[in-house]
Amino acid sequence: MSDNRVYSYSAVLMGSPILLKLCSHDEAMASRVFQLIKRYEDLLTVNRAESQVMDINHAAGRHPVTVSRPVFQLIQCAKAASMVRDSAFNLAIGPLVKLWRIGFHGHSVPDAADIRARLALTRPQEVILDETTCSVFLQQPGMELDLGAIAKGYIADRVRDYLRQQQVEKALINLGGNVHTLGEWAIGLKKPFADAQALIGSLTVNGQSVVTSGTYERYFEQDGKRWHHILDPRSGYPLDNELDSVTVISTDSLDGDIWTTLLFGLGVEKGCAALRQRQDIDAIFVTKNRDIILSSPQRLRFAPLDSGYQVIDCTA
Ligand code: ADP
Ligand code: MG
């Protein structure tokens, strides 16, 4: 007889509620998973005075800092994504994130002159990497790496690896918006700007990562406008287009995390075109005028749950 029970374990880490679902009761496993998440958070955070990433930031304009191989590789990958032509992803966005303070106490729309000044400190080509020594050097004083857009994805992949190595066949980890799975799971997609329980649809995946980035997650209102936390590295202001959210389905959560930001920058039309070149990445766009656009209706197992939204495919 098969036991279909699911056991849920939760914690608050990285400023987000973390949820782990296992198919057997195993407190010890859950606490090892939370420990692992904490360890990686300690390496990657920029919201505390100390971490390997903060060591790099503190040495900006002065000297290179040697970091551990995994941190170096993550930064290498983040730099590559940032150097793509017209990329909306930028690992050096730190000075602008700090200026806006979105999601933190004391946020307000900064002066245009301040934004311009900070833009000059966010050039990804001025993040100098040395593979032989695993060192990272920020060329200008005041430059700051911010891996906030990909840290959860990277850590979700490490949790997946760990669970797999422990011979776990079915599990789900949700790191506040980054879901990763072993085995088959149905995942609810949140309705933008509605209460936390409201869903626009359900997505069934098997062993894949599902990352959602939405303008409704962290924002503030000022001058009759919403200012959210995904910044356009070209303008220094929050990305402003037809999108409320993007969900990316991929094998690795790190790719999902990078692609949510890239697709946010591209918008629906260019985003769909970019995804036609990538069989390994799928996306669900949710627009302000209540369209749900599937990049690949054949591959995605998506069931709509809200009649106020209409589902269309990328080719439409
Ligand atoms: P969340 O899952 O917390 O909603 P995202 O994955 O959408 O986060 O990333 C948003 C975070 O990434 C911001 O809080 C900020 O730290 C950082 N960030 C904001 N804009 C960019 C950008 N254009 N490129 C890279 N990182 C960004
Ligand atoms: Mg992200």
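Reckoned from all heavy atoms, side chains included, excluding hydrogens, waters and symmetry mates. Whatever order the structure lists ligands and atoms in, that order sets their numbers, starting from 1.
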Heavy-atom nearest neighbour of atom 19 (C) of ligand 1 within options His229, His228, Arg234
His229
Should the proximity of Ala88 to ligand 1, defined as any heavy atom under 4.0 Å, be assigned to the side chain, the backbone, both, or neither?
backbone
Return all side-chain donor-acceptor pairs below 3.5 angstrom for residues 195-209, not counting sequence neighbours, or 'none' if the list is empty.
unit_1, atom_1, unit_2, atom_2, d
Asp195, OD1, Gln197, N, 3.3
Ser209, OG, Ser253, OG, 3.0

For Arg160, which of Asp252, Thr181, Thr251 qualifies under side-chain hydrogen bond (donor to acceptor under 3.5 Å, both in side chains)?
Asp252
Take atom NZ of Lys79 as the centre, draw a 6.0 Å sphere, and report whether it contains more than 12 heavy atoms from other residues, nucleotides or ligands.
yes
I need the atoms of ligand 1 closer than 4.0 Å to a non-hydrogen atom of Ser213, numbered in the order shown.
5 (P), 7 (O)
For Thr212, is at least one N or O under 3.5 Å away from an N or O on ligand 1?
no
For ligand 1, which atoms sit closer than 4.0 Å to a heavy atom of Glu217?
1 (P), 2 (O), 4 (O)
Enumerate the atoms of ligand 1 whose separation from the nearest heavy atom of Leu231 is less than 4.0 angstrom.
19 (C), 20 (N), 22 (C), 23 (N)
Could you check whether any heavy atom of Pro233 sits closer than 4.0 Å to an atom of ligand 1, since that is the contact criterion I want to use?
yes
Could you tabulate the donor-acceptor pairs under 3.5 Å formed by side-chain atoms of residues 168-175, not counting sequence neighbours?
unit_1, atom_1, unit_2, atom_2, d
Lys170, NZ, Glu184, O, 3.0
Asn174, OD1, Gly176, N, 3.2
Asn174, OD1, Gly177, N, 3.1

Could you tell me whether some N/O pair between Ala149 and ligand 1 is separated by less than 3.5 angstrom?
yes
For ligand 1, which atoms sit closer than 4.0 Å to a heavy atom of Lys152?
1 (P), 2 (O), 3 (O)
Quickly, which of Ile249, Asp282, Leu189, Thr247 forms a side chain to side chain contact (heavy atoms under 4.5 Å, CB included) with Phe302? Name it, please.
Leu189
Atom NZ of residue position Lys98 - does it have more than 12 heavy atoms of other residues, nucleotides or ligands inside 6.0 Å?
yes
Which ligand 1 atoms, with their elements, are less than 4.0 angstrom from a heavy-atom of Asp257?
6 (O)
Whether over 12 other heavy atoms sit under 6.0 Å from Lys270 NZ
no
